[in-house]
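Have a look at the structure below, then the notes.
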Amino acid sequence: MQGELKKALAAAANKLFGENAEPEITRPEEKFGDYSTNLALQIAQKSGKDPHQTAQALAQKLEGLSRVKKIDIAGPGFINFTLTDEVLWKATQGSAQLSRPLEGQEILVEFGDPNPFKEMHIGHLYSYIVGDSIAKLLESAGAKVRRLSYHGDVGLHVAKAIWGMKTQPEGQELGSYYAVGSRAYEEDPKAAEEIIFINERVYKKDDEQINQLYEQGKTASFDYFDQTLSQLGVRTDKRYLESETITAALEFIHSNTPAIFKESDGAIIYEGEKAGLHTRVFINSRGLPTYEAKDLGLAELKHRDYPAVARSIIITANEQSEYFKVMLAALREFDKDLADKTTHLPHGFLSLTSGKMSSRTGDIYSARSLLRDVETTAKNLYPDTGTKTYLAAVKYGFLKHRLGSDIVYDVKESVSLEGNSGPYLQYAHARAHGILLKSDKTSAPLRDTSLEASERSLARKISEYPEVVERAVAELMPHHIANYLYELAQTFNRFYESSRIIGDERQALRLHLAKAYADILKSGLGILNISAPERI
RNA sequence: GCACCCGUAGCUCAGCUGGAUAGAGCGUUGGCUUGCGGAGCCAAAGGUCGUAGGUUCAAAUCCUGCCGGGUGUACCA
């Protein structure tokens, strides 16, 4: 419908004013109509004509569009369109069936990326939930998404953890071994030496005991991650390890020096400053690749494994934004096409209203603790439903915020069945489903699809869904869906307050609306990877 | 110092590809209530959209300065 209006407007503008405009169609406030355009204002500005008259002329040209009931000029020169009830009604049927503009495209989405031997903290949890939702969003548009993750399986943090494993009693959680090793490294010079020694052994794999501890720790870590991910209902398709990228990284850098990279003080660097970025070391003076080199190696590996991708998206915290610009600038000099297909999508820093934060300041709040705390809070407040809804609480609590800025998560608010929360939407779905169940299934065919005011409001809101998803896909912003679903539920509740469904003479039509509403809740929650139970 | 991000109601946030009286939730105050799951609905109070300018018919939205916060800034990831 939007597209149709656009075309008609563009044609009218061309005929009347010789303008080749790309009209913008937006959803205005309900009292103004169903669609709106400011095209007349734009044309009037360019040509110096009166905006009202311009609008009038355009509107006249558009008279007779069969699906539009009414065209009004309002305010400074907006043209508002009111659809016929029939069109609106039709739009509500099957509106949970989304268009698939990305059909068949292969898209890589990398996210999560916790390091083995360390605790998976709430920042990782946020990244997983965001990444998974982005993946679902792209899938909803037809893309074939590969969920990837990347893990630092070598480096000092590993040696610290192994040192902890060697010196501490068995049976503790891995994260605590790392914590012990990390503290010892700071405070005890002798321990630091030992850790550096262990680090070399890990690289060279020449110490049987250390090899064993390494394998043991790595396995335990990934088991632990897998458990948490399965709890979240998040899957990953392929896991890349930092150690795998080293060869590709060194080869890549060396064969592109001095063409792209330069030697400086014994290190090999990329001069980001020439592009207004930071200059960064890619191979350090001891000949070892840094993180940036390994990420280039990773890009190569991904390219090797998935040569035909349309896009590659990497989701990390925004503290890495500058770094990724440098990395991508270097990659662009080598393979412009690949670099152009690669997007870094940063998310903000997660903290809690309780003051807890992810690891930046040192005191770690683990993903698992948060999940447990949320579950406990939910169960205390709602003994009957808490266990069913706490995951929705966490996911929705994270995803309702615009991606990119820092967010503050309030456990209590997220768990609440009132207000803008995941459990509220789950409840809304269950309630709608209850109504559908209760009705007799013999839905008489509709003869008349003219709508009463409250029905029309609901139908109008329902019909927006595909547009909202389209926007969320284009912007890679799942929060649009979260906010829409909440508004939709409010609209339904308003309708429901005034309009009886079962037993009413308008039952058939209203049931259809309720069904469309429930379907959209389910579909939208699905994109956020939140379940929509039929009963709570 | 330089670069990037951010500053909207008491709190947490939408709105930012310029448009019509700046919207939600929580919290506060008042009302609806023998209900198809009221876990809801209606209403009120609460905002110089950090600040000072600029561009424009039109600025929370674009540009500049300043203030405040975050992040990054050569061999960590």
Side-chain angles (χ1 to χ4, degrees), chain A residues 24 26 28-29 31-32 36 38 41-42 44-45 48 50-51 74-78 80 113 115 118 152 155-157 242 264-273 276-286 288-295 316-323 325-326 346 348-349 353 360 382 385 397 400-402 404-410 412-414 416-421 423-424 426-428 430-439 474-475 479-480 482-484 486-487 489-490 492-504 507 510-511 514 535-536:
Chain A
E24 262 178 54
T26 55
E29 279 177 58
K31 63 184 171 186
F32 292 123
S36 177
N38 62 0
L41 288 160
Q42 287 178 348
Q45 177 185 356
D50 178 67
F78 295 102
N80 294 322
D113 298 351
N115 284 336
K118 291 174 80 170
L156 214 50
H157 69 279
E242 199 181 319
S264 169
D265 291 341
I268 297 180
I269 62 164
Y270 177 75
E271 290 175 312
E273 261 144 49
L277 302 167
H278 297 134
T279 290
R280 280 183 167 270
V281 171
F282 278 65
I283 296 182
N284 69 25
S285 45
R286 291 185 314 173
L288 297 175
T290 61
Y291 185 59
E292 20 283 88
K294 291 175 204 162
D295 235 313
T316 76
N318 57 19
E319 59 197 347
Q320 294 187 22
S321 292
E322 288 298 295
Y323 149 76
K325 280 183 200 160
V326 178
F349 183 62
T353 44
R360 198 174 293 166
Y382 309 97
T385 63
K400 72 175 175 178
H401 296 118
R402 175 178 254 281
S405 48
D406 294 349
I407 70 167
V408 179
Y409 174 67
D410 185 333
K412 251 195 172 152
E413 187 185 295
S414 80
S416 172
L417 283 156
E418 292 165 34
N420 191 359
S421 76
Y424 169 87
Q426 287 186 314
Y427 177 75
R431 193 162 64 147
H433 194 264
I435 298 164
L436 295 172
L437 270 188
K438 201 161 184 177
S439 67
E475 297 180 10
H479 80 289
H480 288 309
N483 290 321
Y484 165 78
Y486 184 65
E487 287 168 17
Q490 282 182 311
F492 180 82
N493 282 332
R494 250 169 245 144
F495 156 79
Y496 185 65
E497 194 71 21
S498 64
S499 314
R500 192 170 174 87
I501 297 176
I502 293 173
D504 192 271
Q507 166 170 329
R510 288 177 179 176
L511 275 174
R535 232 182 297 258
I536 286 187

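Within every chain, numbering begins at 1; the chains are lettered A, B, ... in the order of the sequence lines, protein sequences first and strands thereafter. Hydrogens, waters and symmetry mates are skipped; everything else that's a heavy atom, side chains included, is used.
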field: Distance below 4.0 Å between Arg431(A) side-chain N/O and C36(B) OP1 or OP2
entry: no
Parallel, tilted or perpendicular, as decided by the 30° and 60° cut-offs, for the rings of Phe492(A) and Tyr496(A): parallel
task: May I ask you to say what Glu487(A) touches in the nucleic acid, namely base, sugar-phosphate or nothing, with a heavy-atom cut-off under 4.0 Å?
output: nothing
Distance below 4.0 Å between Arg280(A) side-chain N/O and U73(B) OP1 or OP2: yes
query: Who pairs with Tyr382(A) by ring-ring contact (aromatic ring centres under 6.0 Å, His included), at least two apart in sequence or on another chain?
result: none
- request: Indicate, with a heavy-atom threshold strictly under 4.0 Å, whether Ser416(A) touches base, sugar-phosphate, or nothing.
  value: nothing
field: Pairwise P distance for U61(B) and A45(B), with rounding to whole Å
entry: 26 Å
- prompt: How is Pro423(A) classified with respect to the nucleic acid when contacts are heavy atoms under 4.0 Å: base, sugar-phosphate, or nothing?
  reply: nothing
field: Separation of the C1' atoms in C26(B) and A14(B), to the nearest angstrom
entry: 15 Å
message: Using the P atom as the point on both nucleotides, what is the distance between G53(B) and A43(B), in whole Å?
response: 38 Å
- request: Would you mind classifying the nucleic acid contact of Thr26(A) as base, sugar-phosphate or nothing, using non-hydrogen atoms under 4.0 angstrom?
  value: nothing
- line: Any stem touching RNA chain B, meaning at least three consecutive Watson-Crick or G-U pairs under 3.5 Å, ordered by first number, would be B:1-7 with B:67-73, B:10-13 with B:23-26, B:28-32 with B:40-44, B:50-54 with B:62-66
message: Please classify the nucleic acid contact of Gln490(A) as base, sugar-phosphate, or nothing, using heavy-atom distances under 4.0 Å.
response: sugar-phosphate
message: Between C16(B) and C49(B), how many Å separate the two C1' atoms, rounded to a whole number?
response: 11 Å
- prompt: Which part of the nucleic acid, if any, lies within contact of Lys325(A), taking any heavy atom under 4.0 Å across all strands shown: a base, the sugar-phosphate backbone alone, or nothing?
  reply: sugar-phosphate
- prompt: What is the nucleic acid contact for Asn284(A), judged by heavy atoms within less than 4.0 Å: base, sugar-phosphate only, or nothing?
  reply: base
- prompt: If each of Ile435(A) and Asn483(A) is mapped to the nucleotide of RNA chain B with the nearest heavy atom, which maps nearer the 5' terminus, i.e. the 5' end?
  reply: Asn483(A)
query: Looking for any heavy atom pair under 4.0 Å, which part of the strands does Ala44(A) touch: base, sugar-phosphate only, or nothing?
result: nothing
- line: RNA chain B nearest-nucleotide lookup for Asn38(A) and Ala267(A): closer to the 5′ end is Asn38(A)
- prompt: Is Tyr486(A) touching bases, backbone alone, or none of the nucleic acid, heavy atoms closer than 4.0 Å?
  reply: sugar-phosphate
